[in-house]
Each structure stands twice: as C-alpha cells, then as structure tokens.
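See structure below.
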Amino acid sequence: MRRVFTRIAAFDAPALTWKNPLMTVRTRFAPSPTGHLHIGGVRTALYSWLYARKHGGEFVLRIEDTDRERSTPESINAILQGMSWLGLEFDEGPFYQTQRFARYGELIDKLLAEDKAYYCYCSKEELESMRAEQRARGEKPRYDRRCRDAGHKPHGDIKPVVRFKNPLAGSVVIDDQIRGHVVISNDELDDLIIARADGTPTYNFTVVVDDMDMKISHVIRGDDHLNNTPRQINMFHALDAAPPSYAHVPMILGADGQRLSKRHGAVSVLEFRDQGFLPESLINYLVRLGWSHGDQEIFSVDEMVEYFDIVNVNKSASTFNPEKLLWLNQHYIKSSPLEHIASHLRQYLGEHDVDPEAGPDPVEIVAAQRERSKTLVEMADKSLFFYRELDGYDEKQAKKNLTTDIAPVLTQLRTRLAEAATWDADALHQIVEEVAAAAGLKFGKLAQPLRVALSGGGVSPPIDTTLVLLGPERVLARIDQAPEYIGARAAQSA
RNA sequence: GCUCCCUUCGUCUAGUGGUUAGGACGCCGGCCUCUCACGUCGGUAACAGGGGUUCGAGUCCCCUAGGGAGCGCCA
C-alpha cells in the first residue's frame, strides 16, 4: 500500500539537544528499485531495524526511485516482498522520492535564492573533456567551478543544471559510529549537481532532504557511501539542519575478494527463499557477518535486539560463506517447531505438483527428514517418494540391492507386513528384523534392499519410519514391484 | 591517477599491553549406525611485512605491501 509522505518540512535539528532530550531514534532503509534486493542491502536494513528496535525507535522504508530510467515496479515489489519475508517490518513508509519532487524543487529554489547553489551551463561534452584532462594530469577529476561565480540565470533554450556551492575551505568531520573519526578536506569535494537539466533532483540531494524531513537520527548504510557523506553533511548545514549520526557498514565480498555480485551465485533475498532457506537462517547469518557477541553463533531475533550494537560492527569487509549459511539453515530446520518448518515445506512441495494434504502429514515428514536436510528444497526433493509413485529406481542402488537373492526374502516380508496387526514403527521394525533373521541376514542386509524398493534410491529415513510414513498400501504395492523389476533384469542379462 | 577506508586460522570472528592466541563454519580422523544424516570425541589451521615505544605488543605509533570504495545530469 502506498502512503504519500506529507510531513511538513521541519528544520529543527534531529540531533540530541537540550530542547529535545528524549529524541526518538529513527533509522531508515533506502534502497533504489533498480534490481533485486541484495543481501548486502539486507544486512544494512537489518542493522537499521535492530538499532531502531533496540532503542524503541522507528524504522522507515524509503524507495529512492529518482532514476526513472532504471526504477521498475518489479524491483519495488521484490524489496517489499523480501522485507516482509524476512520480518523486517517498517513503521513508516514506503515513501517514494518521485512523489516528493515538489519538496525538492522548493529547497533547490531556496538554495539558489540564498546563493548556496547556482546554475551551470557546462555541457556534458565539456565536462567530459575537462575530466579527461584532469586525469591525464594525474589529478582527481572534479568540476572546476567555472560557472560558480558566473551569475547565470535561466535563459534561452539550453536548460542549465543546478550545482551546490560546496565550501571552498576547511574540512568535514564525520564521527562515524563504526569507522570513528574521519576527516575529509573540502579541497577534495567539488560542486555537485543537485538538479538535472530537466529539473529533477539528484541522489545526494534527495537523500539529505529526506533524511532531514523524515527526522532520521541515525543513518546506517553501506560504506560505499562514506565518500558521499562529507558532501551530504555540507548540504545539511546549507539547509540549516544538523546532520544525523552516521554508521557505515562494510561491504560483503564474494569468495574471490570482489564485491559480492550476481556471478558469485545467489545474492538476492528472494533467491535464497527459492533455494529453500528459512528467513531466520539468513537473518542470523547476516547479523553475524561483521558483528559478534562473544562466542555466540545462534541468535533469536529477541537476542539480536538485546545484544546488537552498531558500534560493535566490524570495520573490515567480510566474505560471504555459503557453507556457514547452509549450516545455520540446517540448524534452524532441526531445532524449530515441527509445524513451523512444515508450513514452509508445504510450499516447496506444492511447487512439485504434489498435494501435501493427500500424502503423509508434512509435520511427520519434517520430523523424519529434518536431520538430513540442509534446505527445504532438499527436504522436499528427498520426500517426493512419499507422495508420488516411484519413477524407476536409482541404477546403482538397484543393481546392488535388488538382487535375485533378496527377491524371495522381500516376498516373505511382504506377507508378514500384510498381516501386521499394528502399523507402528516398533511393530514394523520387529517384523523386518524377524524376516531378516529367518533368512539368515543381518538387519541392514534386508533394510537396504527394502529402502530401494520403497524409495527408489539408497537414502531415506530409518526404514521403520519410512514404512510408517508410506503406509501399508504404498508399501505393499512397492514391494510387489521389486520382484518384477528383478525378474525383468535377470531375464535381460540371461 | 587522486582521495577515503580496511588487514587475527581457507571463511566468520573473540581478543582493548602479560592468553598454551579462544569459539564457529569447512576439512580430516575415531565412536554411534539399517542408508544418508544427526549426535559425540579428537585433530588441522591465523596475528600481512618491516621499523619503533615498552620490562613486555595481535593489542599503541610510523612506513611498506595487499585489498576495497569513491571520483556521473547512477543510486
């Protein structure tokens, strides 16, 4: 649901002051809807969310869609879905920057009127060649301010851009909650464009206006923005507002040390969901990536809220490790309430066109399979034989286990199972044991062929559990199939 | 190229001047066992390098190297 941001602009400092000693903590997640919801972004969202929750504050979702070329409704949807799946509920928003253009325009005019911004008529070509020359001289490319004092007014057909008058001297200090004291000289900063020729505002400006208007007290974001922060602080001052407190969290890298991206495999939240991960696994993994609380590895959401503190976040980038995420996922699959896992499993089973309500109860399946599944996709795949007719046998397993020697034993077993008084694990286990003993076989020598006959493969839950779950009808039918197969194969090789 | 940031086992991390440098994932081995797993016990493995400061440095300072980010009318 869209809610339009209508708050009247407020210029009082969002920082802690004598006027406002009980300032509420307000954090935000501000993704641009130009692709999937990346787990790097999710981690900053999680940290922001935790910070707000811990301090009894508010968490705001803002969609930064000023780039109309690249923003898509699908991406907005992916962000909303991802946040909801992870349980990162927001208290306000989503706000859309494209709905706030009037406000940005108002403040651009204000800065122009106060001589804190100016019109610039430099063409893109002109700027490009200027940068090329600077690079050639070994300098950092930046706008040389040739229009700064030209006193341009809008005229004629050529539309000018608007640039912010960055202070020429002095330096900007960021007391970053993670990075500490960072000082950047204004010499390094040029006059950035705040309004394009078509009048639309640019990112660095809209961020400042929104963080100001939305009274964001703590900006927690990726450290790829650390270099943007000094210009943003300058703009806060130009707008007579106090900047928020900043915390720049390090990037997440792929195994090759490069910034995590598509080519490293799954990077979007929804992909992890589709691959069978539980939201709590991903949250737990991400909270521990770059942060820790002693030796603790497993955190409930309540524990995260209690223990998490942004100042304890690491400064260095960390490498994404799929194995550890898998381990966490298995941990949660193994230890969460059966019904909780089952409710997730039903969806994955549904994707295989099986009706979970028609076969064994998914809750029972989870109980039987949870210790041998690292993902819900894996659990669903391994459990299909409970719901579907067998689609042939695994060649290797069948050749090894479904032999002419075992065929008569299976037939005897079938007879005994058909007469079973009760269909429970203990009784069935005993039957298998007795039939094996009568044939002079160890338990496993009968259990494994039976497993192949029942599941088609060499892996299943303990054989008695498998029998119980499958139920008498399917069990007897499948045991009947086995000698047929054995006979056919014997005939073929003869 | 310039500016900013980072650096403990392969990976995630603990560590705030005195530790046999701890835990976790992974990997290897034992036990358990009807398969696969689970579990359990044990093992492997790190302070990037070099200078200082100090009785003493993973911890403080400097330099070097390596890595990351930014330098758009993208966000």
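Residue numbering restarts at 1 for every chain, and letters A, B, ... go by the order of the sequence lines.
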Just to confirm, is there a sub-4.0 Å distance from OP1 or OP2 of [N] to any side-chain nitrogen or oxygen of [X]?
| X | N | result |
| --- | --- | --- |
| R288(A) | A14(B) | no |
| N228(A) | C71(B) | no |
| T319(A) | C12(B) | yes |
| R259(A) | G70(B) | yes |
| R70(A) | A75(B) | no |
| S292(A) | C12(B) | no |
| S318(A) | U13(B) | yes |
| K315(A) | C6(B) | yes |
| Q296(A) | A24(B) | no |

Does [N] have a Watson-Crick or wobble partner in any strand here, with both distances under 3.5 angstrom, and which is it?
| N | answer |
| --- | --- |
| U7(B) | A65(B) |
| U35(B) | none |
| A14(B) | none |
| C27(B) | G43(B) |
| C2(B) | G70(B) |

Nearest-Å distance once atom [atom1] is located in both [N] and [M]:
| N | M | atom1 | answer |
| --- | --- | --- | --- |
| G58(B) | G22(B) | C1' | 13 Å |
| G15(B) | C2(B) | P | 36 Å |
| U3(B) | U64(B) | P | 12 Å |
| G67(B) | G52(B) | C1' | 25 Å |
| C38(B) | U44(B) | C1' | 23 Å |
| U59(B) | U53(B) | P | 15 Å |
| G10(B) | C6(B) | P | 23 Å |
| A57(B) | G51(B) | P | 13 Å |

Ignoring hydrogens and angles, tell me if any N or O in the side chain of [X] forms a donor-acceptor pair with the backbone of [Y] under 3.5 Å.
| X | Y | result |
| --- | --- | --- |
| N186(A) | A169(A) | yes |
| T466(A) | P461(A) | yes |
| N314(A) | S316(A) | no |
| R100(A) | T206(A) | no |

Once you round to the nearest 0.5 Å, how far does CD of Q275(A) lie from CG of L325(A)?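 If I round to the nearest 0.5 Å, the distance is 9.0 Å.
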Would you give the length of the straight line joining atom OH of Y285(A) to atom CZ of R43(A), rounded to the nearest 0.5 angstrom?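 Here the rounded value is 9.0 Å.
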From the options [options], select the nucleotide whose nearest atom is closest to the side chain of [X].
| X | options | answer |
| --- | --- | --- |
| N227(A) | G70(B), A75(B), G72(B) | G70(B) |
| K324(A) | C12(B), U35(B), A75(B) | C12(B) |
| R451(A) | C5(B), C34(B), A14(B) | C34(B) |
| P462(A) | G67(B), U35(B), A24(B) | U35(B) |
| R135(A) | C38(B), G1(B), C5(B) | G1(B) |
| Q330(A) | C4(B), C38(B), G1(B) | C38(B) |

Step-by-step ring-ring contact (aromatic ring centres under 6.0 Å, His included) determination, H340(A) to Y332(A): CA-CA 10 Å; H340(A) 172 70; Y332(A) 280 105; 9.0 Å; no
Would you mind classifying the nucleic acid contact of [X] as base, sugar-phosphate or nothing, using non-hydrogen atoms under 4.0 angstrom?
| X | value |
| --- | --- |
| P230(A) | nothing |
| H225(A) | base |
| Q134(A) | nothing |
| E323(A) | sugar-phosphate |
| Q258(A) | sugar-phosphate |
| E297(A) | base |
| D187(A) | nothing |

For K140(A) and for N321(A), find the nucleotide of RNA chain B with the closest heavy atom, then tell me which residue's nucleotide is more 5'. K140(A)
Closest nucleotide of RNA chain B for L226(A) versus for K334(A): which of these residues is on the 5' side?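 Of the two residues, L226(A) wins.
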Would you kindly check whether a donor in the side chain of D224(A) faces an acceptor in the base of G70(B), or vice versa, at under 3.5 angstrom? no
Is the base of C38(B) syn or anti, where syn means the angle lies within 90° of 0? syn
State whether E106(A) and R103(A) are salt-bridged, where the test is any N-O pair (Lys NZ or Arg NE/NH1/NH2 against Asp/Glu carboxylate O) under 4.0 Å. yes
When the distance from CG of D464(A) to P of U35(B) is rounded to whole Å, what number comes out? 13 Å
